[in-house]
Amino acid sequence: GRKMVSFDSRWKSPQLLAMAAMLVALVSITIVMLPSDNNSSSALVAQEGFSEFRAEMVNIIQSGFELDVRSGNTEELDMWFMQHSSPLIDSEAAQGLAQHAMGCKTLQWDGKPVSLMCYRLGEGKVVHLFVMDLENEAIGGLPLEETKLLAQVNALNTASWQEEGKAYLLVAHNPGTKVTPYL
(Lines give C-alpha, C1' and ligand atoms only; values in the text may rest on other atoms or scores of the structure.)
Protein backbone atom coordinates (compact mmCIF):
# COMPACT_ATOMS: atom_id res chain seq x y z
CA GLY A 1 0.00 0.00 0.00
CA ARG A 2 2.89 2.46 -0.21
CA LYS A 3 3.05 4.97 -2.97
CA MET A 4 6.23 4.74 -5.08
CA VAL A 5 7.94 8.00 -5.95
CA SER A 6 10.67 7.98 -8.54
CA PHE A 7 13.57 10.43 -8.54
CA ASP A 8 15.12 11.99 -11.58
CA SER A 9 18.15 9.80 -12.31
CA ARG A 10 20.26 12.58 -13.83
CA TRP A 11 21.35 13.75 -10.33
CA LYS A 12 22.87 10.33 -9.78
CA SER A 13 25.20 10.88 -12.75
CA PRO A 14 28.89 10.63 -11.68
CA GLN A 15 29.83 13.48 -14.02
CA LEU A 16 27.36 15.92 -12.45
CA LEU A 17 28.39 14.94 -8.93
CA ALA A 18 32.06 15.47 -9.84
CA MET A 19 31.29 18.90 -11.34
CA ALA A 20 29.32 19.91 -8.23
CA ALA A 21 32.20 18.82 -5.99
CA MET A 22 34.68 20.79 -8.09
CA LEU A 23 32.49 23.88 -7.89
CA VAL A 24 32.30 23.62 -4.09
CA ALA A 25 36.09 23.18 -3.90
CA LEU A 26 36.71 26.17 -6.20
CA VAL A 27 34.45 28.45 -4.13
CA SER A 28 36.15 27.29 -0.92
CA ILE A 29 39.64 27.98 -2.28
CA THR A 30 38.58 31.41 -3.53
CA ILE A 31 37.25 32.36 -0.10
CA VAL A 32 40.43 31.21 1.63
CA MET A 33 42.66 33.11 -0.81
CA LEU A 34 40.84 36.45 -0.47
CA PRO A 35 42.57 38.79 2.00
CA SER A 36 40.59 39.42 5.15
CA ASP A 37 40.30 42.90 6.65
CA ASN A 38 42.83 42.18 9.39
CA ASN A 39 45.31 40.97 6.77
CA SER A 40 44.84 43.79 4.27
CA SER A 41 47.97 45.67 5.37
CA SER A 42 50.14 42.65 4.52
CA ALA A 43 48.46 42.37 1.14
CA LEU A 44 49.11 46.08 0.60
CA VAL A 45 52.79 45.64 1.43
CA ALA A 46 53.08 42.83 -1.11
CA GLN A 47 51.28 44.82 -3.81
CA GLU A 48 52.61 48.31 -3.17
CA GLY A 49 55.98 46.93 -2.23
CA PHE A 50 59.23 48.53 -1.43
CA SER A 51 58.72 51.49 -3.76
CA GLU A 52 55.93 52.73 -1.45
CA PHE A 53 58.23 52.46 1.58
CA ARG A 54 61.06 54.21 -0.29
CA ALA A 55 58.77 57.06 -1.41
CA GLU A 56 57.45 57.63 2.11
CA MET A 57 60.93 57.67 3.63
CA VAL A 58 62.15 60.15 1.00
CA ASN A 59 59.14 62.35 1.82
CA ILE A 60 60.16 62.29 5.49
CA ILE A 61 63.66 63.46 4.53
CA GLN A 62 62.35 66.23 2.28
CA SER A 63 59.69 67.49 4.67
CA GLY A 64 62.16 67.74 7.56
CA PHE A 65 62.20 65.94 10.88
CA GLU A 66 63.77 66.08 14.32
CA LEU A 67 66.19 63.42 15.48
CA ASP A 68 65.18 61.58 18.65
CA VAL A 69 68.81 61.41 19.79
CA ARG A 70 71.82 63.46 18.66
CA SER A 71 75.06 61.60 19.18
CA GLY A 72 78.09 60.38 17.29
CA ASN A 73 78.33 57.32 19.55
CA THR A 74 76.82 54.39 17.64
CA GLU A 75 76.65 52.25 20.80
CA GLU A 76 74.46 54.89 22.44
CA LEU A 77 72.28 55.05 19.32
CA ASP A 78 71.98 51.23 19.21
CA MET A 79 70.83 51.31 22.84
CA TRP A 80 68.15 53.84 21.86
CA PHE A 81 66.92 51.51 19.12
CA MET A 82 66.84 48.52 21.51
CA GLN A 83 64.95 50.50 24.17
CA HIS A 84 62.35 51.47 21.56
CA SER A 85 62.07 47.99 19.98
CA SER A 86 63.43 49.24 16.67
CA PRO A 87 65.67 47.18 14.41
CA LEU A 88 69.42 47.53 14.79
CA ILE A 89 71.54 48.54 11.84
CA ASP A 90 73.96 45.67 11.33
CA SER A 91 74.64 45.96 7.64
CA GLU A 92 78.19 45.53 6.40
CA ALA A 93 77.65 48.58 4.19
CA ALA A 94 76.78 50.71 7.24
CA GLN A 95 79.98 49.82 9.10
CA GLY A 96 81.94 52.36 7.05
CA LEU A 97 79.42 55.05 7.96
CA ALA A 98 79.47 54.40 11.72
CA GLN A 99 82.26 56.90 12.43
CA HIS A 100 80.11 59.64 10.84
CA ALA A 101 76.95 59.06 12.94
CA MET A 102 75.15 62.20 14.04
CA GLY A 103 71.89 60.85 15.45
CA CYS A 104 68.89 58.58 15.09
CA LYS A 105 65.13 58.41 15.03
CA THR A 106 62.51 55.68 15.36
CA LEU A 107 59.55 55.60 12.98
CA GLN A 108 56.63 53.39 12.01
CA TRP A 109 55.68 52.23 8.54
CA ASP A 110 52.67 50.02 7.92
CA GLY A 111 52.65 49.15 11.62
CA LYS A 112 56.31 48.09 11.61
CA PRO A 113 59.14 49.77 13.49
CA VAL A 114 61.73 51.48 11.32
CA SER A 115 65.09 52.77 12.49
CA LEU A 116 66.68 55.84 10.95
CA MET A 117 70.37 56.64 11.41
CA CYS A 118 71.79 59.90 10.03
CA TYR A 119 75.41 60.43 9.03
CA ARG A 120 77.34 63.66 8.37
CA LEU A 121 80.02 62.95 5.78
CA GLY A 122 81.73 66.33 5.52
CA GLU A 123 81.52 68.88 2.73
CA GLY A 124 77.87 69.40 3.68
CA LYS A 125 76.95 65.84 2.69
CA VAL A 126 74.44 63.96 4.81
CA VAL A 127 72.95 60.52 4.20
CA HIS A 128 70.15 58.75 6.03
CA LEU A 129 69.93 55.00 6.53
CA PHE A 130 66.55 53.37 7.19
CA VAL A 131 66.23 49.75 8.33
CA MET A 132 63.15 47.58 8.77
CA ASP A 133 62.88 43.94 9.87
CA LEU A 134 61.29 41.83 7.15
CA GLU A 135 59.99 39.20 9.61
CA ASN A 136 59.97 36.51 6.88
CA GLU A 137 57.70 38.72 4.78
CA ALA A 138 58.34 39.21 1.09
CA ILE A 139 58.09 42.80 -0.04
CA GLY A 140 57.68 43.32 -3.76
CA GLY A 141 60.41 45.36 -5.43
CA LEU A 142 63.03 44.80 -2.73
CA PRO A 143 66.29 43.60 -4.29
CA LEU A 144 67.49 40.09 -3.58
CA GLU A 145 70.28 39.43 -1.07
CA GLU A 146 73.66 40.83 -2.16
CA THR A 147 72.04 43.10 -4.78
CA LYS A 148 71.78 46.85 -4.37
CA LEU A 149 69.13 48.79 -6.24
CA LEU A 150 69.92 52.40 -7.09
CA ALA A 151 67.01 54.76 -7.77
CA GLN A 152 66.26 58.45 -7.79
CA VAL A 153 63.12 59.49 -5.91
CA ASN A 154 62.00 63.14 -5.92
CA ALA A 155 65.51 64.14 -7.10
CA LEU A 156 67.22 62.31 -4.19
CA ASN A 157 69.55 59.39 -4.84
CA THR A 158 68.73 56.19 -2.99
CA ALA A 159 70.17 52.70 -2.63
CA SER A 160 68.22 49.77 -1.26
CA TRP A 161 69.10 46.21 -0.38
CA GLN A 162 68.27 43.41 2.01
CA GLU A 163 70.68 41.71 4.33
CA GLU A 164 70.06 39.01 6.94
CA GLY A 165 66.30 39.49 7.14
CA LYS A 166 66.30 43.27 7.07
CA ALA A 167 65.47 45.84 4.40
CA TYR A 168 67.86 48.78 4.09
CA LEU A 169 67.36 52.12 2.37
CA LEU A 170 70.12 54.72 2.07
CA VAL A 171 68.92 58.20 1.06
CA ALA A 172 71.04 61.24 0.20
CA HIS A 173 69.87 64.38 1.96
CA ASN A 174 70.42 66.74 -0.98
CA PRO A 175 69.93 66.36 -4.73
CA GLY A 176 73.17 65.52 -6.47
CA THR A 177 74.71 63.74 -3.47
CA LYS A 178 75.74 60.27 -4.58
CA VAL A 179 75.11 57.27 -2.33
CA THR A 180 77.31 54.75 -4.15
CA PRO A 181 80.54 55.74 -2.34
CA TYR A 182 78.92 54.69 0.96
CA LEU A 183 77.79 51.22 -0.05
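Counting begins at 1 with the first residue of the sequence.
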Residue pairs passing the salt bridge (Lys or Arg N to Asp or Glu O under 4.0 Å) test with at least one member in residues 173-183, sequence neighbours excluded, are none
In the structure I gave you, are the side-chain heavy atoms of K148 and S160 within less than 4.5 Å of one another anywhere?
no
Under 4.5 Å between any side-chain heavy atoms of L116 and F65, yes or no?
yes
Quick note, side-chain hydrogen bond (donor to acceptor under 3.5 Å, both in side chains) partners involving residues 55-64, not counting sequence neighbours, are E56-W109, N59-N154, Q62-N154
Nearest heavy-atom contact between V114 and S86 is O-OG, 4.2 Å
Show which side-chain atoms of residues 70-79 pair as donor or acceptor with protein atoms under 3.5 Å away, not counting sequence neighbours.
from : atom 1 : to  : atom 2 : distance (Å)
S71  : OG     : N73 : N      : 3.0
S71  : OG     : E76 : OE1    : 3.2
N73  : OD1    : E75 : N      : 2.9
N73  : OD1    : E76 : N      : 3.2

So L150 and T180, side chain to side chain contact (heavy atoms under 4.5 Å, CB included) or not? Walk me through it.
CA-CA 8 Å; L150 301 175; T180 50; 3.5 Å; yes
Using a 3.5 Å distance criterion without hydrogens, assess whether the side chain of S115 forms a donor-acceptor pair with backbone atoms of L88.
no
So which atom in Y168 and which in S91 form the shortest heavy-atom distance, rounded to 0.1 Å?
OH-N, 3.3 Å
Test side chain to side chain contact (heavy atoms under 4.5 Å, CB included) on V171 and R54; report intermediate values, then the result.
CA-CA 9 Å; V171 180; R54 182 176 52 218; 5.8 Å; no
State, with a plain yes or no, whether a side-chain heavy atom of T158 is found less than 4.5 Å away from one of Q152.
no
CA sep, side-chain torsions, deciding dist, call: Q162, L134, side chain to side chain contact (heavy atoms under 4.5 Å, CB included):
CA-CA 9 Å; Q162 65 175 302; L134 293 175; 3.4 Å; yes
Joint cluster assignment, V126 & L169, ILVMFWY side-chain distance < 4.5 Å
yes
Qualifying residues under side chain to side chain contact (heavy atoms under 4.5 Å, CB included), relative to L97, sequence neighbours excluded:
Y119, L121, V127, L170, Y182
Partner set under side chain to side chain donor-acceptor pair (under 3.5 Å) for W80, not counting sequence neighbours
none
Stepwise, does the side chain to side chain contact (heavy atoms under 4.5 Å, CB included) test hold for F130 with V58?
CA-CA 10 Å; F130 296 90; V58 167; over 6 Å; no
Distance (rounded to the nearest 0.5 Å) between M132 CE and Q108 CD:
11.0 Å
Got F81 and I89 here, is their nearest side-chain heavy-atom distance under 4.5 Å?
yes
So, for A159 and V179, which heavy atoms are closest and what is the spacing to 0.1 Å?
CB-CG2, 3.9 Å
List the residues meeting side chain to side chain donor-acceptor pair (under 3.5 Å) with H173, not counting sequence neighbours, and say none if there are none.
H128
Less than 4.5 Å apart, any side-chain heavy atom of R120 and any of M102?
yes
T177 meets the side chain to side chain contact (heavy atoms under 4.5 Å, CB included) criterion, sequence neighbours left out, with K125, A172, N174
Heavy-atom check, side chain of L67 versus side chain of C118, under 4.5 Å
yes
Tell me which pairs pass salt bridge (Lys or Arg N to Asp or Glu O under 4.0 Å) where either residue lies in residues 84-108, with sequence neighbours left out.
D68-K105, D90-K166
